[in-house]
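Bear in mind the structure is a predicted one, so any value in this text is a computation, not a measurement. Letters A, B, ... are given to chains in the order of the sequence lines, protein chains preceding strands, and every chain is numbered from 1.
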Protein chains: 2
Amino acid sequence: MEISPKDCSCSNCPNRWSNFNNLAPAELEIVCQNRYEAKYKPGETIFKTGSPTSSAIFLVSGLGKVYLEGIDGKNLIIGIAQPSMMIAGPGTFIDTRHHFTFTALTDVVACFIDLSILKGFIHTNTKFAEGWLIDISKKALEGHYRLLNLTQKKMPGRLAESLVYFSEKLYKNSEFDLPLSRQELGDFTNMAKESVIRILKEFEDDQIIEMQNQRIRIVDKDKLKLICNNG
Amino acid sequence: MEISPKDCSCSNCPNRWSNFNNLAPAELEIVCQNRYEAKYKPGETIFKTGSPTSSAIFLVSGLGKVYLEGIDGKNLIIGIAQPSMMIAGPGTFIDTRHHFTFTALTDVVACFIDLSILKGFIHTNTKFAEGWLIDISKKALEGHYRLLNLTQKKMPGRLAESLVYFSEKLYKNSEFDLPLSRQELGDFTNMAKESVIRILKEFEDDQIIEMQNQRIRIVDKDKLKLICNNG
DNA sequence: CACAATTACTGATATATATCAACCAAGTTA
DNA sequence: TAACTTGGTTGATATATATCAGTAATTGTG
């Protein structure tokens, strides 16, 4: 978990946070000069619930999982982190503590940027402040949608939603390797791992997906979306 | 639902949004001059999901419910609105559409303030912008807690949580009138109204609460909190 | 006040889903 | 290579919870 400065530039970064477009070149330069990279292997923790929020984190490459540590060690995955997202929880503006845990799902290169610098821009660049409000608002909106999914849909619907999410949002491909284990897929859809396995098998039997270990191919997207809706 | 200007002042309003403390007197005066009041009776809709967000809403008196309209007409109440809160959803910064429905639970006097004015202050008063970020962040944090509650606790735990919420947060009293019907209590805790009734009765039988229609008295708060934790 | 319309309540039943206890396959370590 | 671990899988069973079909109690209204 070595943290070391690196001299590539934020100004030509293809994965930079969209809100950085609101910064002036000089401001972006400040960000770039206060930037640190760290590498993680699958499963490694990037930060834990309760720890202090000193930096915002941006993935340069790889995927991470963001989850709440719940009751009796049962986790609830609230999101999959990918490059171009900012990972900094609500604690940033409240108690400077993390309110979720963030771990690597794949090999990850993460970029750390000091939060005091980013928070400082709120007072000097109002477009940036508004961009941050937009960013948080989008996450809140996704949260609403997710809350409805988890509380009002039955298991097949929740699982189908997550497959559609992986296919359309994360990989933009009808074929992909699941980034989550069966247990984690359960943590994501709020179901037991045994139920995940059984319902994935049902999808396979009904020729909605093909599956080989972590490899998934969505064969009948229409049927899958139908299950999303009434499930 | 008459909307009419009124000449009481925001500067001495006991229920004003805490973020208005960050405004200069002249700015607060602008707010005050662009303020409209409306009265609602219990059950009346203040705004609907999908409608345009033209104003932020602040309750002067009364209580409201904020809810998502879910599948098959099943609602999910995501919060109870009370004076001093700002009610303006994530749509404010995204698509200028409401993403939840807001209705009156009691007689309500609501204050409407034009969102373009409030959003304008983000660019002229950075403390105000930061205050808004803090406000949204607090709501996001509550959302996390709520998500865990709804997904990981069993019915008695969820119902106990809501009773503790009413007692400690909303009324600050061990005795109170439920602001929600049994059906709405179900919408709040994600359970069927019949289950709400049964479990309330269990609490009564176990002498944890006393109950007469909407009147609730919490007799054994320790036991109730115990149920919150392991339920 | 009487009537209608909600809302609250009750018991029987159905169902979704978790839990438990195995077993298997593949990779890892001794 | 054998023992171990880890994640995946399966079937049997338990349980939480919803649904349905009524009845009773409140509340609103002409």
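Taking atom CG of residue A:Asn213 and atom C1' of nucleotide D:dT6, one finds them 14 Å apart after rounding to whole Å. B:Arg182 has its CZ atom 11 Å from the P atom of D:dT27, to the nearest Å. Atoms CG (A:Asp205) and C1' (D:dT10) sit 13 Å apart, rounded to a whole Å.
Listed in residue order, the members of residues 146-160 of chain A having a heavy atom less than 4.0 Å from DNA chain D come to none. Of all the residues in residues 186-199 of chain A, A:Glu194, A:Ile197, A:Arg198 reach under 4.0 Å from DNA chain D with at least one non-hydrogen atom.
Two end axes, each from the C1' atoms of five base pairs, can be drawn for the helix from C:dC1-D:dG30 to C:dA30-D:dT1; they diverge by 40°, to 10 degrees.
Counting only distance, with no hydrogens or angles, the side chain of B:Thr101 and the backbone of B:Thr49 share a donor-acceptor pair below 3.5 Å. Proximity of a side-chain donor or acceptor of A:Arg16 to a complementary backbone N or O of A:Cys10 within less than 3.5 Å is detected. Between the A:Thr106 side chain and the A:Leu63 main chain, a donor and an acceptor come within less than 3.5 Å of each other. The backbone N or O of B:Leu180 lies less than 3.5 Å from a partner atom in the side chain of B:Gln214, making a donor-acceptor pair. In this structure, the side chain of B:Ser51 does not engage the main chain of B:Phe47 through any donor-acceptor pair within 3.5 Å. Remark: side-chain polar atoms of A:Tyr171 are paired, donor with acceptor, to backbone N or O of A:Asp177 under 3.5 angstrom.
In this structure, B:Trp17 and B:Phe20 have perpendicular ring planes: the angle between them is above 60°, well past the 30° mark.
Looking at A:Leu76, A:Ile77, A:Asn75 one by one, the single match for side-chain contact (heavy atoms from CB on, under 4.5 Å) with A:Phe188 turns out to be A:Ile77.
Salt bridge annotation for A:Glu69-A:Lys48: present, with a cationic side-chain nitrogen under 4.0 angstrom from a carboxylate oxygen. Between B:Arg35 and B:Glu37 there is a salt bridge, with a side-chain nitrogen of the basic residue lying less than 4.0 Å from a carboxylate oxygen of the acidic one.
In terms of phosphate contacts, A:Gln214 brings a side-chain nitrogen or oxygen within less than 4.0 Å of OP1 or OP2 of D:dG8.
For A:Phe112 and A:Tyr36, the distance between ring centers is not under 6.0 angstrom.
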Please tabulate, one pair per line, all N/O donor-acceptor pairs under 3.5 Å involving side-chain atoms of residues 149-169 of chain A, not counting sequence neighbours.
from, atom 1, to, atom 2, distance (Å)
A:Asn149, OD1, A:Lys153, NZ, 2.9
A:Thr151, OG1, A:Leu147, O, 2.8
A:Thr151, OG1, A:Leu148, O, 3.4
A:Gln152, OE1, B:Ile71, N, 2.8
A:Gln152, NE2, B:Lys74, O, 3.0
A:Lys153, NZ, A:Glu161, OE2, 2.4
A:Lys153, NZ, A:Cys228, O, 2.9
A:Arg158, NE, A:Thr189, O, 2.8
A:Arg158, NH1, A:Lys153, O, 2.9
A:Arg158, NH2, A:Thr189, O, 3.3
A:Arg158, NH2, A:Asn190, O, 2.8
A:Ser162, OG, A:Leu159, O, 2.8
A:Ser167, OG, A:Asn173, O, 3.0
A:Ser167, OG, A:Lys221, NZ, 3.3
A:Glu168, OE2, A:Lys225, NZ, 2.9

Donor-acceptor contacts under 3.5 Å from residues 194-209 of chain A side chains, at least two apart:
none

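Nucleotides of DNA chain C with any atom under 4.0 Å from a heavy atom of chain B span, from 5' to 3', C:dA8 to C:dA12.
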